[in-house]
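Worksheet for the structure shown next.
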Amino acid sequence: MQCSWKSVVLLALASVAIQYTAIRTLSSTSYLLCPAPPTVSPVTNRAGDEYPSNSSRRLQVLLLTTTRCGSTFIGQLLNQHQDVFYLFEPLYHVQMSIVPRIHLGADLMLGASRDLLWSLFQCDLYALESYLRPAPSRHMLATMFRHSASRVLCQEPVCPAFKANDTWEEWQCKKKCLPLNLTTASQVCKEKPYVAMKTVRVPVVGDLRPLLEDPRLNIKVIQLVRDPRGILSSRIDTFRDLYRLWGIWQATGRRPHTLETRQFSTICDDFFSSVSTALSRPAWLKGRYMLVRYEDLSRVEAWIQANTRGTSEAQAKDKYGTARDSAANAESWRLKLPFDMVEYCQSVCQRAMRQLGYRDARSADQLKNMNASLVQDKTFLPFL
Ligand SMILES: *[C@@H]1O[C@H](CO)[C@@H](O)[C@H](O)[C@H]1NC(C)=O
Ligand SMILES: *[C@@H]1O[C@H](CO)[C@@H](O)[C@H](O)[C@H]1NC(C)=O
Ligand SMILES: *[C@@H]1O[C@H](CO)[C@@H](O)[C@H](O)[C@H]1NC(C)=O
Ligand SMILES: *[C@@H]1O[C@H](CO)[C@@H](O)[C@H](O)[C@H]1NC(C)=O
């Protein structure tokens, strides 16, 4: 299929736009940007040509990101689509089983992560069992990290408590969809033309090379990045203990002597390394990589919201104004971080920020003047 790469993202976008439209305006306007496959169920569609029809043609999407990059939105684009088998951070279990033996090192974690991704992308969900304690019996999982974040695990046949078109609610699923029958889940996975996963536990795209070169797989990577200053600000709010010293700096304006720079610089080093690999356009990434900035994404999100409101509401409100407000939220960190902290981040992160199009704030005034964005317009074309 000509459009297969774009179709993953665009179909997902279109589907969410349609859902928003249906919910908010009850109109049937469609936002299809790319020729859509016929809307038949994947089962009856298996003989058709539009979709990858068996595991060698199934398309796998890996959303590669780090915490506080706004991956929830892209994740939901994938999760909401009926043809996608989506798993939210399956590598959590690898980390949990390896961290107590951390001396074994990052290589082991990476090797194990790749193994698990490989199996899961082939719809072999039993592979998860090696990382679960106590080991599940009869392929029934008593618990799985954020299983309820996967819509497909929260509806029949995986979860008989909910019909396929019931409204998916994470907290309901949490209560009613355990234990999880991995046999059924694997079967459902095999019927879907797309398998998608999100992870924050693979640092750089280069780590995925063996998977991308494997002819048995057909992986596309979406790397999601964000202004590191925004990530820091958001992590200070979210992970108070882990980022305690940064929080003290933010609150008091004084940099604690014991502050660990690495916690922050790793974000930038990984971005730089990963994006540099991609920009050098190695053959193994051809047709398989797309870079997305959170800030650009939040403009899309704002646009969808602004354009899918009921008409009267849309008329009452300046919808482009709304879009601008919401996109500006992506830069709200500028009002939270003191200037010397921002300056420090900029010096640690120079290379990555330049590469990704994030401008330095040169003064406290410039930092706080929200009229001028610090995000440069920059187009990162998918490497086709
Ligand atoms: C999968 O599809 C390919 C291409 O259509 C075909 O050559 C292959 O035999 C199929 N494999 C299975 C297991 O059906
Ligand atoms: C839900 O799906 C069933 C068939 O699976 C169908 O009969 C029913 O009308 C659907 N309900 C809604 C509200 O779409
Ligand atoms: C899990 O589901 C499969 C079929 O989907 C079924 O054969 C099996 O009995 C189920 N396992 C348990 C323990 O219920
Ligand atoms: C930002 O823009 C608003 C409205 O356009 C204007 O009133 C305000 O003075 C501007 N602020 C700065 C610091 O330029």
Side-chain angles (χ1 to χ4, degrees), residues 8 12 15 37-48 50-62 75-76 78-94 96-97 112-113 115-199 216-219:
V8 176
S15 114
T39 49
V40 291
S41 81
V43 182
T44 54
N45 192 52
R46 265 189 286 173
E50 304 260 0
Y51 282 141
S53 59
N54 60 28
S55 71
S56 62
R57 294 182 63 208
R58 188 180 297 119
L59 191 64
Q60 294 109 7
V61 180
L62 186 65
Q76 282 307 329
L78 299 166
N79 193 24
Q80 290 293 333
H81 202 288
Q82 287 289 357
D83 292 341
V84 178
F85 189 91
Y86 177 75
L87 292 178
F88 181 97
E89 198 60 68
L91 298 183
Y92 172 86
H93 294 291
V94 176
M96 285 304 115
S97 63
S113 295
D115 279 358
L116 183 60
L117 287 176
W118 192 89
S119 301
L120 295 178
F121 274 139
Q122 302 273 18
C123 292
D124 171 13
L125 271 61
Y126 294 166
L128 269 172
E129 295 177 359
S130 329
Y131 303 98
L132 293 168
R133 294 291 172 273
S137 74
R138 294 156 69 217
H139 308 301
M140 298 293 283
L141 298 196
T143 163
M144 174 179 151
F145 179 64
R146 296 291 304 278
H147 75 96
S148 51
S150 294
R151 183 183 145 128
V152 73
L153 302 182
C154 298
Q155 62 187 35
E156 61 177 8
V158 183
C159 178
F162 298 104
K163 298 263 172 283
N165 51 10
D166 281 350
T167 314
W168 161 72
E169 295 198 58
E170 207 175 327
W171 65 278
Q172 287 275 13
C173 176
K174 219 173 193 162
K175 284 196 297 191
K176 297 188 182 167
C177 296
L178 289 175
L180 173 67
N181 184 330
L182 281 186
T183 309
T184 317
S186 296
Q187 279 165 4
V188 168
C189 176
K190 284 177 186 147
E191 285 167 8
K192 303 279 185 190
Y194 304 104
V195 180
M197 294 181 218
K198 175 210 133 164
T199 187
R216 291 163 294 182
L217 295 173
N218 183 17
I219 301 185

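Sequence positions, counted from 1, serve as the residue numbers for this chain. Order of appearance sets the numbers: ligands from 1, and atoms from 1 within every ligand.
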Atoms of ligand 3 less than 4.0 Å from [X] heavy atoms?
{"X": "Met140", "value": "11 (N), 12 (C), 13 (C)"}
{"X": "Asn181", "value": "1 (C), 2 (O), 3 (C), 8 (C), 10 (C), 11 (N), 12 (C), 14 (O)"}
{"X": "Arg138", "value": "13 (C)"}
{"X": "Gln187", "value": "5 (O)"}

Give the intermediate values and the outcome of side chain to side chain contact (heavy atoms under 4.5 Å, CB included) for residues Leu120 and Leu125.
CA-CA 5 Å; Leu120 295 178; Leu125 271 61; 4.1 Å; yes

Any idea how His139 and Tyr126 line up, ring-wise: parallel (<30°), tilted (30 to 60°), or perpendicular (>60°)?
parallel

Would you kindly specify which portion of His139 sits under 4.0 Å from ligand 3, judged on non-hydrogen atoms: side chain, backbone, both or neither?
neither

Compute the shortest N/O to N/O distance between Thr184 and ligand 3 and return yes if it is under 3.5 Å, no if not.
yes

I'd like to know if Cys177 pairs up with Cys159 as a disulfide, counting it only when the SG to SG distance is below 2.5 Å.
yes

Before giving the answer on side chain to side chain contact (heavy atoms under 4.5 Å, CB included), spell out for Phe162 and Gln172 the whole-Å C-alpha distance, their side-chain angles and the decisive distance to 0.1 Å.
CA-CA 10 Å; Phe162 298 104; Gln172 287 275 13; 3.8 Å; yes

Would you name the heavy atoms of Pro157 and Thr184 that are closest together and state the gap between them?
O-CG2, 3.7 Å

So, for atom 7 (O) of ligand 3, does the protein have a heavy atom nearer than 4.0 Å?
no

Checking side chain to side chain contact (heavy atoms under 4.5 Å, CB included) for the pair Leu153/Val188: CA distance, chi angles, key distance, verdict?
CA-CA 9 Å; Leu153 302 182; Val188 168; over 6 Å; no

